[in-house]
Amino acid sequence: MTTDVQTREQLVRRAADLVPLLRKNAAWAEENRRIHEESIEAMADAGVFKMRVPTRYGGYEADARTLVEVGAALGRGDGSTAWIASVYWIPTWMVGLFPDAVQDEVFATADVRVCGTLSPTGTATPADGGVVLNGKWGFQSGALHSHWQEIVAIQMGPGEPMPIVALVPISDMTIIDDWHTSGLKGTGSVSTVADGVFVPSERVLPLPAILQGQGASAANANSPIYRAPLLPVASASSVGTVLGMAKAAREVFFERLPDRKITYTGYAHQNEAALTHLQVADATNKIDEAEFHATRLATLLDDKCASGAPWTLEERVRARGDLGAVCGLARQAVDILATASGGSSIYLDVPTQRIARDVQAATMHALMHPNTNAELYGRVLCGLEPDTLYI
């Protein structure tokens, strides 16, 4: 199966066209702690879930620059919805590293959605023809709308314990409705539990191989998007969403600005205040800086994938450094705009308060935290070895 591969411009335009719908459904998603089915269907129709699917299955094999721009467009509509899209892109790419027969099984579902995290919070016990999974995995963004889950577990004996990645139908997992949070509420990032779930050996790969982008697929061996380690891929998949949330905060601020005054001051029009001028300039500059880092990250990934050149250690940690910079700058910009939005912005019908909570939640993610990424980048720049495998 093949289809016409959509251009970056087409995919970004389709994502931008979804902004009014996503904004309309954002409050519902937050209240119900899951993405509205209408938004899921609209993203499917726009090709969002095909972006990291191989072309032979009707996908687009979109490059990193496209992921950033589409993610930013979706983030302008709703942070939770954009987050789900970006999360799906990462495990979907990982499926492309599995044997071709496994891909045939997973990608047989139109607009297939795969959730997952990289936390090894379960065990895999060897069994005849595969492994048996037991454990609980939290923060499973998109699980409520997924067909498959990518699971990281520790395979126990014989020999030394080894982290593995397994693909499991979501129907084999038990979903625990425990997503009660202050931000990104709409993502429905519930926990899932495996209780003696058998996974055949063909759907299991060593985590170190996945981290290095070393796949078992013959059909994808020459595809540029698979010539990269996992963490730069995950980083580039994630930054657009956060950038889009910052842009959304700016758009909402300027939409409300003409009708606002600054209470208990002499300013009948907020747009006349020098303080406002400084605030919007500062926030806009930070958004522009965030976009620079997002674009630099995507360009690095796309250039390395196109050339097939080996990744240096500094390039790999710089990818995480750029991810952290986008998150830090976006959060600062949103905070400035929220501060400038006044007391009326705390009402639930004003998107500013939701955007502020969503961007805070996103930047608290273990792999996206600005401090964690900056420390790792600086550590390597100072000539030390990285203290993590997640590079």
Could you tell me whether the side chain of Trp89 and the main chain of Val48 form a donor-acceptor pair under 3.5 Å?
yes
Test item: Phe139 and His365 side chains (from C-beta on) under 4.5 Å apart, heavy atoms:
no
Ile287 and Leu243: side chain to side chain contact (heavy atoms under 4.5 Å, CB included), yes or no, with the steps?
CA-CA 7 Å; Ile287 293 170; Leu243 176 63; 4.2 Å; yes
Under 4.0 Å between a Lys/Arg side-chain N and an Asp/Glu carboxylate O for Lys185 and Glu31?
no
Charged N-O contact under 4.0 Å between Asp302 and Arg65
no
Could you verify whether a donor N or O on one side chain and an acceptor N or O on the other, from Arg256 and Ser344, lie under 3.5 Å apart?
yes
Who pairs with Glu289 by salt bridge (Lys or Arg N to Asp or Glu O under 4.0 Å), at least two apart in sequence or on another chain?
none
Which value, rounded to the nearest 0.5 Å, describes the distance between His36 atom NE2 and Trp28 atom CH2?
5.0 Å
Less than 4.0 angstrom from a charged side-chain N to a carboxylate O is my criterion; do Glu61 and Arg52 meet it?
no
Tell me whether the count of non-hydrogen atoms from other residues, nucleotides or ligands lying under 6.0 Å of CD in Glu272 goes above 12.
yes
Gln155 and Pro126, any side-chain heavy atoms less than 4.5 Å apart
yes
Check: Arg318 and Tyr377 side chains under 4.5 Å, non-hydrogen atoms:
yes
Can you tell me how far CZ of Phe253 sits from OG1 of Thr352, rounded to the nearest 0.5 angstrom?
9.0 Å
Exactly one candidate in Leu301, Asp322, Val326 meets side chain to side chain contact (heavy atoms under 4.5 Å, CB included) with Arg296; the answer is Asp322
Do the non-hydrogen side-chain atoms of Thr363 and Met368 ever get within less than 4.5 Å of each other?
no
Aromatic ring pairing Tyr226/Trp93, orientation class (parallel under 30°, perpendicular over 60°, tilted between):
parallel
Looking at CG of Leu376 and OG1 of Thr388, how far apart are the two atoms once the value is rounded to the nearest 0.5 Å?
7.0 Å
Salt-bridge test for Arg23 and Glu251: reply yes if a basic N is under 4.0 Å from a carboxylate O, no otherwise.
yes
Test your reading of the model: is there a side-chain donor-acceptor pair from Asn373 to the backbone of His369, 3.5 Å cut-off?
yes
Heavy-atom distance under 4.5 Å between the side chains of Phe49 and Val112, does that happen here?
no
Check against side chain to side chain contact (heavy atoms under 4.5 Å, CB included), Val106 and Gln103
CA-CA 5 Å; Val106 174; Gln103 295 180 59; 5.8 Å; no
Is any side-chain heavy atom of Asp63 less than 4.5 Å from a side-chain heavy atom of Arg8?
yes
Kindly compute the distance separating OG (Ser341) from CD1 (Ile346), expressed to the nearest 0.5 Å.
12.0 Å
Flag if over 12 foreign heavy atoms under 6.0 Å of CG, Leu389
no
Counting only N and O atoms by type, is there a donor-acceptor contact under 3.5 Å from the side chain of Lys304 to the main-chain atoms of Pro310?
yes
Would you call Arg14 and Asp45 a salt bridge, taking side-chain N to carboxylate O under 4.0 Å as the test?
no
Could you tell me whether the side chain of Arg33 and the main chain of Trp179 form a donor-acceptor pair under 3.5 Å?
yes
Donor-acceptor check, side chain of His277 to backbone of Asn271, threshold 3.5 angstrom: yes or no?
yes
Has Gln353 got a side-chain atom pairing as donor or acceptor with Val350's backbone, closer than 3.5 angstrom?
yes
Side-chain heavy-atom pair Ile90, Val233 within 4.5 angstrom cut-off
no
Does any N or O in the side chain of Arg203 come within less than 3.5 Å of the main-chain N or O of Ala166, such that one atom is a donor and the other an acceptor?
no
Leu167 versus Val199: any side-chain heavy-atom pair under 4.5 Å?
no
Between Tyr88 and Cys115 (side chain of the first, backbone of the second, donor and acceptor by atom type, cut-off under 3.5 Å), is there such a pair?
no
Tell me, with the steps shown, if Trp137 and Ser119 meet side-chain hydrogen bond (donor to acceptor under 3.5 Å, both in side chains).
CA-CA 7 Å; Trp137 291 265; Ser119 299; over 6 Å; no
Under a 4.0 Å threshold between the charged nitrogen and the carboxylate oxygen, would Glu385 count as salt-bridged to Arg379?
no
Looking at Ala274, is its backbone amide N or carbonyl O close enough to the side chain of Gln279 to form a donor-acceptor pair, meaning the two atoms are under 3.5 Å apart?
no
Check whether any side-chain N or O of Asp178 sits under 3.5 Å from a backbone N or O of Val190 as a donor-acceptor pair, and report yes or no.
no
Output the distance between atom CG (Asp358) and atom OG1 (Thr81), rounded to the nearest 0.5 Å.
9.5 Å
What is the distance from atom OG1 of Thr187 to atom CZ of Arg34, rounded to the nearest 0.5 Å?
11.5 Å
